[in-house]
Amino acid sequence: MRLIATEHTFSLLNMSSAASEAVPEASTDLTARARIRDAAMHLFGERGFRSATVRGIAARAGVSPGLVVHHFGSKDGLREAIDDHLAEQIRQDKFATMTGNLGQDERATRAYAAEFAPALAYLARALTEDAVVGRHLYDRLFRDAVDYLRAGEEAGLIQPTSSPEARAAALLNAGLGQTLLQHHLHRVLDADDETDALMRISGPMLDLYTDGLFTDGRIRDRWSSADRHEESR
């Protein structure tokens with residue numbers, strides 16, 4: 001993650017160019033594995049899991065179909081590897097942010113956004129195309145959100161809450177919603193592209209997370225009093 005709110009969108013994906021940086025240059029086998037994984041992520045995001053083929057993934061990665069099978073076994077194995085890779089990167093970056101590394105400024109975030117566009121497209125596909133796969137990925141992201149938000153509380157970066165699981169789900173959905181609906185943002189904001197649309201909501205989202213939306217507690221108090229009334233009946 002890079003910071004909060006919209007950066008939850010980009011940093012949902014802050015892979016830090018992991019395809020190259022996380023792999024020792026001397027290990028061509030691992031480098032080929034990373035190239036295959038990233039090629040598959042691009043194609044799954046562009047075409048969907050069912051439409052992408054092992055042969056197409058191999059061509060995009062510049063390897064043979066046999067090498068794809070050697071490393072991952074099948075398209076299902078590839079998808080699992082991509083999910084593991086993205087989820088681990090998200091977890092690491094979020095924990096870094098929540099424990100004091102406040103990440104990128106606006107200019108750096110914009111540069112990252114274009115780089116991570118394929119990962120955003122993949123996440124949107126993975127969370128909506130297949131119910132079982134989407135559920136497993138969402139559950140993993142949710143469990144990690146509970147953990148890194150708790151770390152943020154302990155570090156004094158975010159406010160404590162009596163409902164950590166509900167808050168984690170709400171914030172995760174807010175971030176994922178920007179990813180899943182970015183094509184609508186592009187349209188209604190008349191943005192140059194989807195990256196520009198996401199950047200244009202970054203400031204307002206950070207304002208909401210930093211300063212809040214309501215000027216006082218009247219709406220919350222109204223909701224709480226109605227809830228207490230129901231419990232007393």
Pair up each side-chain donor or acceptor in residues 132-142 with any protein partner under 3.5 Å, not counting sequence neighbours, and list the distances.
from, atom 1, to, atom 2, distance (Å)
Tyr138, OH, Asn173, OD1, 2.7
Arg140, NH1, Asp84, OD1, 2.5

Arg47 side-chain N/O to Ala52 backbone N/O, donor-acceptor pair under 3.5 Å: no

Non-neighbouring partners of Arg55 that pass side-chain hydrogen bond (donor to acceptor under 3.5 Å, both in side chains), sequence neighbours left out: none

Inter- and intrachain pairs under ring-ring contact (aromatic ring centres under 6.0 Å, His included), touching residues 161-197, at least two apart: none

Any donor-acceptor N/O pair, Ser74 side chain to Gly77 backbone, under 3.5 Å: yes

Asp144: partners by salt bridge (Lys or Arg N to Asp or Glu O under 4.0 Å), with sequence neighbours left out: Arg91

Arg79/Asp76 salt bridge by N-O under 4.0 Å criterion: yes

Results of side-chain hydrogen bond (donor to acceptor under 3.5 Å, both in side chains) for Glu46 - residues two or more places apart only: Arg60

Counterpart residues, salt bridge (Lys or Arg N to Asp or Glu O under 4.0 Å), relative to Arg220 (two or more places apart): none

Partner set under salt bridge (Lys or Arg N to Asp or Glu O under 4.0 Å) for Glu153, not counting sequence neighbours: Arg167

Qualifying residues under side-chain hydrogen bond (donor to acceptor under 3.5 Å, both in side chains), relative to Glu88, sequence neighbours excluded: Gln92

Glu165: partners by salt bridge (Lys or Arg N to Asp or Glu O under 4.0 Å), with sequence neighbours left out: none

Pairs meeting criterion ring-ring contact (aromatic ring centres under 6.0 Å, His included) with involvement of residues 38-67, two or more places apart: Phe44-Phe49

Partners meeting ring-ring contact (aromatic ring centres under 6.0 Å, His included) with Tyr122 (sequence neighbours left out): none

All side-chain hydrogen bond (donor to acceptor under 3.5 Å, both in side chains) counterparts of Arg50, not counting sequence neighbours: none

